[in-house]
Peer 1: 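Please find one structure pasted underneath; my questions will follow.
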Amino acid sequence: MYLVRPVDFGDLPALERLAQEAGIGMTNFPANRERLNDKIASSRRSLQTDVVQPGDESYLFVLVDTSTNSIVGTCGLEAMVGIDTPFYSYRIDEVVHASPQLQIHNRISALFLCHDYSGTSRLMSLVVDKAHQNATALALLSRARLLFIARHPERFTKRLFVELRGESDRHGYSPFWDALGKHFFTMDFKKADYLSGVSNKHFIADLMPRYPIYVPTLPEAAQEVIGVLHEDSEKSTDILLEEGFEFRGYVDIFDAGPTLEARSENLTTVSQQRIGKALIQPDTLTGKTHLISAGHLEDFRVTTATAEPQVAGLAIEKDTQERLQISSGSRIQWVVL
C-alpha cells in the first residue's frame with residue numbers, strides 16, 4: 001500500500017535518488033543536495049506558517065511504500081510563482097500579415113515571451129520511482145496535492161497550472177533549445193535546465209529574446225516539438241487531463257513542453273471531495289476504492305483504500321485507520337478514486 005505525507009529532512013537521501021533518476025528536464029526538482037534541502041526547509045516552514053492568502057509558500061510531499069517504509073515518489077505545490085522575479089512562458093498566438101494590393105492575408109504562428117502565470121499557484125515536481133509507476137501510485141500522488149488544496153483553499157490561487165516536460169533525450173538534447181535557446185544563452189540544454197533549478201532566474205530575463213519568435217522560421221525539428229509531451233510524462237498527464245486541466249497555448253521557454261491550467265473549483269477531486277467522520281469497521285469492506293486524507297498541515301496524510309460512504313461519515317477498515325494515524329470519529333476527506 002501507499003501513503004502520501006509532507007516531506008521531512010530525513011527524506012533527503014531518497015529525494016536525491018529520485019532527482020538523479022528523473023534526469024534532465026525536471027527543472028523544479030534538480031539533482032542538487034543543497035537545493036533539495038532548501039525545498040524541504042521551505043515546505044516545513046510553510047506548513048508551520050499561518051496563511052490568510054497565498055504568498056511565497058511551497059509544499060513538498062513524498063509517496064511512501066508502506067510495505068517497506070521507503071520513499072518512492074514526490075510531488076509539490078507552489079502557492080504563488082513570480083513573486084521575486086517574473087515567471088516566464090511562451091504564449092502561442094498568431095500574427096496577421098496582409099497586403100490588400102497583392103490580395104495576400106497570412107496568419108503566422110508566433111511565440112510571445114510573457115509572464116501571464118506570475119501570481120498563480122503551480123503544481124510541480126511529480127516524480128515516481130519506475131518500479132512504482134502504476135495507476136494507483138500515480139493517481140494517489142497526483143491527486144493528494146489536490147485534496148491538500150481543497151483542505152486549505154486560502155493558501156492557493158483559484159487558477160492553477162502545471163508545466164509538463166517537453167521533448168529531450170537522455171543525453172540532454174532538446175530540438176527546441178538547440179534551435180532557439182542556445183543561441184542566446186551559449187550553453188547546452190542540460191546546463192541551462194540545471195541553472196534554472198538551482199539559481200536565481202534573473203538570467204532568463206536578461207538573455208531571452210524580447211521579440212516574437214515566428215514559428216515558421218525555426219527548423220522543422222524544433223517546430224514539431226512545440227507543445228509535445230515527453231513520453232515519460234504521459235501517464236501523469238492523463239491524470240491531470242481527467243481532473244479537468246487543459247492546454248491553453250502556453251509552452252515552456254526551454255524545451256517547449258506544454259503547460260496545463262485549470263480553475264481549482266472545476267477539478268474533479270476538489271469539486272467531488274466530501275468531508276465527514278471516520279467510521280472504523282471491524283469487518284472487511286466491499287465498497288469502491290477511495291482517496292482518503294486526514295490531518296492538518298504537518299500531519300496531513302493521504303492513502304487509497306476500500307471504503308463505504310454512510311450518512312454519518314465514511315466507513316474504513318482498521319489498517320486504513322492505522323495508516324492515516326487517526327481514531328474513530330476523526331475528521332477526514334474522501335473522494336472516489
Peer 1: Looking at side-chain heavy atoms only, is the closest gap between Leu77 and Ile149 below 4.5 Å?
Peer 2: yes
Peer 1: Check whether any side-chain heavy atom of Gln333 lies under 4.5 Å from a side-chain heavy atom of Arg274, and answer yes or no.
Peer 2: no
Peer 1: Do Leu15 and Val62 make a side-chain contact, defined as non-hydrogen atoms from C-beta onward lying under 4.5 Å apart?
Peer 2: yes
Peer 1: Do the side chains of Leu297 and Leu146 join up, straight or via other hydrophobic residues, at under 4.5 Å, putting them in one cluster?
Peer 2: yes
Peer 1: Over 60° means perpendicular and under 30° means parallel, so tell me whether Tyr59 and Phe156 are parallel, tilted or perpendicular.
Peer 2: tilted
Peer 1: Indicate if Phe184 and Tyr88 have the same hydrophobic cluster label, given that clusters are the connected sets of ILVMFWY residues with side-chain heavy-atom separations under 4.5 angstrom.
Peer 2: yes
Peer 1: Charged N to carboxylate O below 4.0 Å: is that the case for Arg91 and Asp116?
Peer 2: yes
Peer 1: Taking Asp319's backbone N and O only, do any of them form a donor-acceptor pair with Gln321's side chain (distance below 3.5 Å, no angle check)?
Peer 2: no
Peer 1: Decide yes or no on side-chain contact (heavy atoms from CB on, under 4.5 Å) for Leu314 and Leu279, but give the supporting numbers first.
Peer 2: CA-CA 6 Å; Leu314 185 70; Leu279 309 173; over 6 Å; no
Peer 1: Minimum heavy-atom separation for Lys288 and Val336, please, with both atom names.
Peer 2: CD-CG1, 4.2 Å
Peer 1: State whether the side chain of His230 and the backbone N or O of Ser168 hold a donor-acceptor pair below 3.5 Å, judged by distance alone.
Peer 2: yes
Peer 1: Answer with yes or no whether the hydrophobic clustering places Val335 together with Phe300; edges join I, L, V, M, F, W, Y residues whose side-chain heavy atoms lie under 4.5 Å apart.
Peer 2: yes
Peer 1: Is the closest basic N to carboxylate O distance between Glu261 and Arg159 below 4.0 Å?
Peer 2: yes
Peer 1: What's the separation between atom CH2 in Trp334 and atom OG1 in Thr303, rounded to the nearest 0.5 Å?
Peer 2: 16.0 Å
Peer 1: Given 3.5 Å as the limit, does a donor-acceptor pair link the side chain of Gln133 with the main chain of Val128, or not?
Peer 2: yes
Peer 1: Report yes if the side chains of Leu260 and Leu241 come closer than 4.5 Å at any heavy-atom pair, otherwise no.
Peer 2: yes
Peer 1: Using the side-chain contact (heavy atoms from CB on, under 4.5 Å) rule, take Glu224 and Val228 through it: C-alpha gap first, then chi angles, then the decisive distance, then the call.
Peer 2: CA-CA 8 Å; Glu224 290 176 349; Val228 174; over 6 Å; no
Peer 1: Between CD of Glu298 and OG of Ser43, what distance do you get to the nearest 0.5 Å?
Peer 2: 9.0 Å
Peer 1: With side chains defined as the heavy atoms from C-beta onward, is the minimum distance between Phe161 and Val81 less than 4.5 Å?
Peer 2: yes
Peer 1: Is a side-chain donor-acceptor pair under 3.5 Å present for Ser58 with Ser42?
Peer 2: yes
Peer 1: Tell me, with the steps shown, if Ser109 and Glu94 meet side-chain hydrogen bond (donor to acceptor under 3.5 Å, both in side chains).
Peer 2: CA-CA 4 Å; Ser109 182; Glu94 289 186 331; over 6 Å; no
Peer 1: Main chain of Ser233, side chain of Thr237: is a donor-acceptor contact present, judged purely on distance under 3.5 Å?
Peer 2: yes
Peer 1: State whether a side-chain donor-acceptor pair under 3.5 Å links Thr284 with Glu317.
Peer 2: no
Peer 1: Output all residues satisfying side-chain contact (heavy atoms from CB on, under 4.5 Å) with Leu12, sequence neighbours left out; order by chain, then residue number.
Peer 2: Glu16, Arg33, Leu36, Asn37, Ile40
Peer 1: Does the distance from a Lys or Arg side-chain N to an Asp or Glu carboxylate O, for Glu163 and Arg122, drop under 4.0 Å?
Peer 2: yes
Peer 1: What are the two closest heavy atoms between Val4 and Ala144, and how far apart are they?
Peer 2: CG1-CB, 3.9 Å
Peer 1: Does Glu34 CD have over 12 foreign heavy atoms under 6.0 Å away?
Peer 2: no
Peer 1: Show your working on ring pair (Phe, Tyr, Trp, His ring centres under 6.0 Å) between Tyr117 and Phe87 and close with a plain yes or no.
Peer 2: CA-CA 6 Å; Tyr117 284 115; Phe87 185 90; 7.1 Å; no
Peer 1: Is a side-chain donor or acceptor of Thr306 paired with a backbone partner of Thr289 at a separation under 3.5 angstrom?
Peer 2: no
Peer 1: Any link between Phe247 and Met124 through a network of hydrophobic side chains (Ile, Leu, Val, Met, Phe, Trp, Tyr) touching at under 4.5 Å?
Peer 2: no
Peer 1: Do the side chains of Arg165 and Asp252 get close enough for a salt bridge, i.e. N-O under 4.0 angstrom?
Peer 2: no
Peer 1: Take atom CZ in Phe9; do more than 12 heavy atoms of anything else shown fall under 6.0 Å from it?
Peer 2: yes
Peer 1: Please check if the side chain of Ser142 supplies one atom and the backbone of Ala139 the other of a donor-acceptor pair under 3.5 Å.
Peer 2: no
Peer 1: Indicate yes or no for a side-chain donor-acceptor contact from Asp8 to the backbone of Gly10 under 3.5 Å, with no hydrogens or angles considered.
Peer 2: no
Peer 1: Which pair of non-hydrogen atoms, one from His183 and one from Ala179, has the smallest distance, and what is that distance?
Peer 2: CD2-O, 3.2 Å
Peer 1: Please confirm whether Phe61 and Phe148 have ring centers closer than 6.0 angstrom.
Peer 2: yes
Peer 1: Would His296 and His152 count as a side-chain contact (heavy atoms from CB on, under 4.5 Å) here? Give the steps.
Peer 2: CA-CA 9 Å; His296 181 72; His152 303 285; 3.4 Å; yes
Peer 1: For residues Phe254 and Tyr90, determine if any side-chain heavy atom of one lies less than 4.5 Å from a side-chain heavy atom of the other.
Peer 2: no
Peer 1: Does atom CD (Glu154) have a neighbourhood of more than 12 heavy atoms from anything else shown, all under 6.0 Å?
Peer 2: yes
Peer 1: Without swapping roles, check the side chain of Arg323 against the backbone of Thr304 for a donor-acceptor pair under 3.5 Å.
Peer 2: yes
Peer 1: Going through the checks in order, is the salt bridge (Lys or Arg N to Asp or Glu O under 4.0 Å) test met by Arg143 and Glu243?
Peer 2: CA-CA 9 Å; Arg143 291 184 162 119; Glu243 278 287 339; 2.5 Å; yes
Peer 1: Quick check: do Ile332 and Ile326 have side-chain heavy atoms less than 4.5 Å from each other?
Peer 2: yes
Peer 1: Counting distance only, does the side-chain N/O of Asp129 pair as donor-acceptor with the main-chain N or O of Ala131 below 3.5 Å?
Peer 2: yes
Peer 1: Please report the closest heavy-atom contact between Leu126 and Ser236, naming both atoms and the distance.
Peer 2: CD2-CB, 4.1 Å
Peer 1: Taking all heavy atoms of Leu47 and all of Pro6, pick out the closest pair and write down the distance.
Peer 2: CD1-CB, 3.6 Å
Peer 1: May I have the step-by-step check of side-chain contact (heavy atoms from CB on, under 4.5 Å) for Glu242 and Thr268, ending in yes or no?
Peer 2: CA-CA 8 Å; Glu242 290 172 3; Thr268 300; over 6 Å; no
Peer 1: Quick one: do the Ser121 and Thr157 side chains pair a donor with an acceptor below 3.5 Å?
Peer 2: yes
Peer 1: Quick one: closest heavy-atom pair of Leu60 and Gly76, and the distance?
Peer 2: CD1-CA, 4.1 Å
Peer 1: Would a hydrophobic clustering, with Ile, Leu, Val, Met, Phe, Trp and Tyr connected at side-chain separations under 4.5 Å, put Leu285 with Leu337?
Peer 2: no
Peer 1: Would you say the side chain of Leu111 lies within less than 4.5 Å of the side chain of Val215, judging by non-hydrogen atoms?
Peer 2: yes
Peer 1: Do you know which of Arg5, Lys39, Arg44 makes salt bridge (Lys or Arg N to Asp or Glu O under 4.0 Å) with Asp11?
Peer 2: Arg5
Peer 1: Can you measure from CG (Asp38) to CZ (Arg45) and round to the nearest 0.5 angstrom?
Peer 2: 8.5 Å
Peer 1: Will you find, in the side chains of Tyr2 and Asn134, an N or O donor that is under 3.5 Å from an N or O acceptor?
Peer 2: yes
Peer 1: With no hydrogens and no angle check, is any side-chain donor or acceptor of His290 less than 3.5 Å from a backbone partner on Ile292?
Peer 2: no
Peer 1: Between atom OG of Ser174 and atom CG of Leu180, what is the distance when rounded to the nearest 0.5 Å?
Peer 2: 10.0 Å
